[in-house]
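Note that ligands are numbered from 1 as they come in the structure, with each ligand's atoms numbered from 1 the same way. The basis for the numbers below is simple: all heavy atoms, side chains too, and nothing from hydrogens, waters or symmetry mates. In this chain, numbering begins with 1 at the start of the sequence shown.
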Amino acid sequence: MSPSAVILEAKSRLARARSVTVLTGAGISADSGIPTFRGADGLWRNFRAEDLATPEAFARDPRLVWEWYNWRRELIATKQPNAAHRALVELEGRHDRFLLITQNVDGLHRAAGSNKLLEIHGNIWKVRCTICKQVAENREVPIALPPHCRACHGLVRPHIVWFGEALEEESLDRSMGAVASCDVMLIIGTSGVVNPAASFAGIAKAAGAFVIEINLDDQPQSAMVDLMIGGRAAETVPLLL
Ligand code: OAD
């Protein structure tokens with residue numbers, strides 16, 4: 001199929017779908033200037049996840065972990081949603097049964113106006129108390145170190161799902177439900193190597209959904225999708241409307 005025929009097919013599948021589930025990863029925010037994790041300049045090329053994004057790392061050195069998150073908060077605070085984030089807001093408005101599942105913690109989908117949204121890996125603008133577990137929004141840039149809970153004064157941590165941690169049960173149930181019951185699944189800008197999101201394409205396919213992927217390059221899940229649209233998210237997602 002020619003590139004324009006691929007876009008037309010994707011557009012028509014989406015227009016006819018009764019329910020749509022979308023999964024996004026760091027690639028959609030790359031077009032807003034936020035680094036991905038595994039690309040050539042990806043964060044995990046320059047930093048060790050085990051030193052910065054695990055509960056053990058935080059227990060060992062909370063200041064180091066917070067300094068890294070402060071650096072990311074400073075970077076993300078200067079970035080805006082792009083045309084792909086905005087196109088997904090429009091798509092949400094066209095379908096009663098719609099869910100946008102994002103692995104991104106940058107908050108750009110919410111900033112664009114998405115409402116039917118699940119941030120399965122948490123949000124960099126939220127903190128969680130290590131003692132009383134209360135979650136609170138915190139937009140300080142940089143956050144004063146060490147940050148303490150307003151309720152009980154315990155040490156707070158980023159409200160982010162780190163390596164070795166499980167997703168919140170409700171997030172997992174809602175995302176699995178939406179993936180297993182949609183007519184069309186759209187997978188945008190993810191390498192598909194981190195579970196459970198890595199399993200979503202296979203689950204959607206097995207349940208009979210038509211699966212469309214948008215990415216700069218082929219990924220492990222690309223072999224099983226129905227349509228692969230090669231290109232930048234900000235350029236290609238708006239073409240689907
Ligand atoms: P990765 O960095 O693993 O993958 C980013 C994907 O985006 C790659 O497949 C790229 O080819 C693609 N990409 C890059 N630029 C793009 C663009 N402009 N348009 C379209 N695609 C583009 O990021 P994720 O798959 O999101 O966890 O990583 C999953 C999780 O691993 C993250 O949520 C993070 C990380 O550890 C947490 O923060 C908890």
Please state which protein non-hydrogen atom is closest to [atom] and give its distance, to 0.1 Å?
atom: atom 10 (C) of ligand 1; answer: Asn215 OD1, 3.4 Å
atom: atom 19 (N) of ligand 1; answer: Ala233 N, 2.9 Å
atom: atom 31 (O) of ligand 1; answer: Arg38 NH1, 3.1 Å
atom: atom 27 (O) of ligand 1; answer: His121 ND1, 3.6 Å
atom: atom 39 (C) of ligand 1; answer: Val161 O, 2.9 Å
atom: atom 22 (C) of ligand 1; answer: Gly27 CA, 3.5 Å
atom: atom 25 (O) of ligand 1; answer: Thr190 OG1, 2.6 Å
atom: atom 36 (O) of ligand 1; answer: Trp44 NE1, 3.0 Å

Per-atom contacts of ligand 1 with [X], taking only distances under 4.0 Å to non-hydrogen atoms:
X: Gly25; value: 26 (O)
X: Phe163; value: 36 (O)
X: Gly189; value: 5 (C), 6 (C), 7 (O), 21 (N)
X: Gln103; value: 29 (C), 33 (O)
X: Gly231; value: 19 (N), 20 (C)
X: Gln219; value: 9 (O), 11 (O)
X: Ala30; value: 15 (N)

Step through the shown structure and confirm whether more than 12 heavy atoms of other residues, nucleotides or ligands are within 6.0 Å of [atom1] on [X].
X: Glu168; atom1: CD; value: no
X: Arg18; atom1: CZ; value: no
X: Asp96; atom1: CG; value: no

Tell me yes or no: between the side chains of [X] and [Y], is some donor less than 3.5 Å from an acceptor?
X: Ser32; Y: Gln80; answer: no
X: Asn138; Y: Arg73; answer: yes
X: Ser114; Y: His85; answer: no
X: Gln219; Y: Glu213; answer: no

Check Glu74 with Arg72, please: is the shortest side-chain N to carboxylate O separation under 4.0 Å? no
Are Arg60 and Glu56 close enough for a salt bridge, meaning some N to O gap below 4.0 Å? no
Report the part of Val194 (side chain from C-beta onward, or backbone N, CA, C, O) that has a heavy atom under 4.0 Å from ligand 1; answer both or neither where that applies. side chain
N/O donor-acceptor pair under 3.5 Å between Glu140 side chain and Ala144 backbone: yes
Side-chain donor/acceptor of Trp66 to backbone N/O of Val156, under 3.5 Å: yes
Would you check whether Ala26 has a nitrogen or oxygen atom less than 3.5 angstrom from a nitrogen or oxygen atom of ligand 1? yes
